[in-house]
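The next block holds one structure in the form of C-alpha cells; read it before the comments.
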Amino acid sequence: MTDLASIEPMLKVETLGLRFRNPLILAAGILGLTAPILKRVIESGAGGVVTKSIGLKPRKGHPNPTVVDLGFGLLNSMGLPNPGLEEFMKELETLRGLEAPIILSIYAFSEDELVEIGRIVSDFNVVSAVELNVSCPHVDGISEIAKNPVLVESYVQTLKRHLDKPVIVKLSPNVSDIVRIAEAAVDGGADALTAINTVRAMSIDIEVGRPVLAGIFGGLSGPAIRPIAVRCVYEITESLNVPVFGCGGIETAHDVIEFLMAGATAVQLGSVIARGGLRVFKRILKGLRDFLEERGYSSIDEVRGLAHRR
Ligand code: DHB
C-alpha cells in the first residue's frame, strides 16, 4: 500500500485559506450525497471533496434513464436530484472534524434563493467553501446562467454578500468565450473557479430512433472532454490571476500534471471514480510522486503553470 504520509509534503496545496493534503479533489455529483461515502472518499486519499449539487428545496431529478456509458465518457442528465439544503446539512454534520476540506456544491434558480442559501451556510462550519454550479447543461433555469456574464457576475456578487466563505464558481464549456465568463465571475467576487462542467451532448438509440436519455440532452464527462478542459484552464489562467480547479476526464497522474502545467491549482476527479472506484486516488498519488521524483521536482508547485512559459 502506498504510504500517503510520505508523499504529501510534495503534493500539498494551499489556496483559499484552506489546506488540501494533495491536489486530488472529488468532483461534484460523484458519490457526494451521503456522509459515510464522503468519509470513505477522504479515507481513500482525496485531498478534499465537493458534494453533489444541493438546492434550497428537495428535488426528485429526471426520470430514468439518466446516465449512459458511451465508452469514452459518461453522458448524464440526473436533473439535480438532492434532499434540499436543510436535510443535507444534517447529513454533513456527522463529518465534523475530518482532515480534508469539504466544499458544498450549490445551485439556485434565483438570487433570492442564493441569499437564503448564503445565510444558512455561513453559520455551518463543517463546510469550508462553496462551489456555485451555474453550469448544469440540461436543467432549465440553470444552464442559461453560465452563458450570460451579467447574470454570472450578479449571482456571484449576491452569494458573496450573504456568505462568509470562499466561493468557487464552476464554469460551463458550453460558451463561445469562457474567459469572458471567468472575468464576470471574478468581477462578482469569486475566490476561485472550476473549469469545466460537463459538455452539453446527446445520444440516440438507433434501434428505436429516440434519444437515449429521458431528458434528451445531458452532460458529457470523462476522457473525451479532457482536451477541452485543459484548453479552458490554460485560457483562463493566461488572462486572470485566480485559482482554477481543473476538472474534466482526468484518469492518470499524467493527466493531473497536464492540468497543473496548464495552470490549475488543483484538480477534481469524477468519471474516473464512477468507473474505477476509490482506489484511483492512491494510484494517481503514487504516479504523481514517481513523476516528480524521476524528473527532480521537489513539489507540484514547480510544475504549475509551466506551459505558459514563452
Ligand atoms: C447534473 C448536474 C451537472 O452540473 C452536470 O454537469 C451534470 C448533471 C445533474 O444533476 O443533472
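All ligand and atom numbering here is 1-based and tracks the order in the structure. Below, each value reflects all heavy atoms present in this structure, side chains not excepted, and no hydrogens, waters or symmetry copies.
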Exercise. Which of the atoms of ligand 1 are close to L80, meaning less than 4.0 Å from one of its heavy atoms?
Worked result: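 It comes down to these atoms of ligand 1: 2 (C), 9 (C), 10 (O), 11 (O).
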Problem set entry | Subset of ligand 1 atoms that lie under 4.0 Å from at least one heavy atom of T198 |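 Under 4.0 Å from T198, ligand 1 has these atoms: 5 (C), 6 (O), 7 (C).
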For this session: Verify the neighbour count for atom NE2 of H308: are there more than 12 heavy atoms of other residues, nucleotides or ligands below 6.0 Å?
Result: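 It does: H308 NE2 has more than 12 such atoms within range.
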Exercise. Can you find a non-hydrogen atom of G29 under 4.0 Å from ligand 1?
Worked result: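 No, G29 has no heavy atoms under 4.0 Å from ligand 1.
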For this session: Report yes or no: does K52 have a heavy atom closer than 4.0 Å to ligand 1?
Result: yes
Problem set entry | From CG (L159) to CD1 (I106), nearest 0.5 Å | 5.0 Å
Exercise. If you take all heavy atoms of S122 and D164, which pair is closest and at what distance?
Worked result: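 Looking at all heavy atoms of both residues, the closest pair is OG-N, 3.1 Å.
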Seminar exercise, completed: Nearest heavy-atom contact between I102 and V126 is CB-O, 3.8 Å
For this session: Give me the ring orientation class for F20 and F245: parallel if the planes are under 30° apart, tilted from 30 to 60°, perpendicular past 60°.
Result: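 Rings of F20 and F245: perpendicular, over 60°.
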For this session: Return the option from S143, C136, S172 holding the heavy atom at the smallest distance from atom 1 (C) of ligand 1.
Result: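 Residue with the shortest heavy-atom distance to the ligand atom: C136.
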For ligand 1, is any non-hydrogen atom under 4.0 Å from [X]'s backbone (N, CA, C, O), its side chain (CB onward), both, or neither?
X: P137; result: side chain
X: N197; result: side chain
X: H138; result: side chain
X: H62; result: neither

Does an N or O from [X], backbone or side chain, lie closer than 3.5 Å to an N or O of ligand 1?
X: N133; result: yes
X: V139; result: no
X: G79; result: yes

Problem set entry | Sole residue of N133, N197, N82 in side-chain hydrogen bond (donor to acceptor under 3.5 Å, both in side chains) with S53 |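 When side-chain hydrogen bond (donor to acceptor under 3.5 Å, both in side chains) is applied between S53 and each of N133, N197, N82, only N133 qualifies.
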For this session: Find out if a path of hydrophobic residues (ILVMFWY) with successive side-chain heavy-atom gaps under 4.5 Å connects V233 to V272.
Result: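 Yes.
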Problem set entry | Which residue and heavy atom of the protein sit nearest atom 8 (C) of ligand 1, plus the separation |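 Minimum-distance protein heavy atom for atom 8 (C) of ligand 1 reads N76 OD1, 2.9 Å.
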For this session: Please examine the side chains of L92 and L104, heavy atoms only from C-beta on, and report whether any two atoms are closer than 4.5 Å.
Result: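 The answer is yes, as the side chains (C-beta and beyond) meet within the 4.5 Å cut-off.
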Exercise. Are R304 and M261 close enough, and set up right, to give a side-chain contact (heavy atoms from CB on, under 4.5 Å), and what steps lead you there?
Worked result: CA-CA 5 Å; R304 193 173 290 113; M261 288 185 173; over 6 Å; no
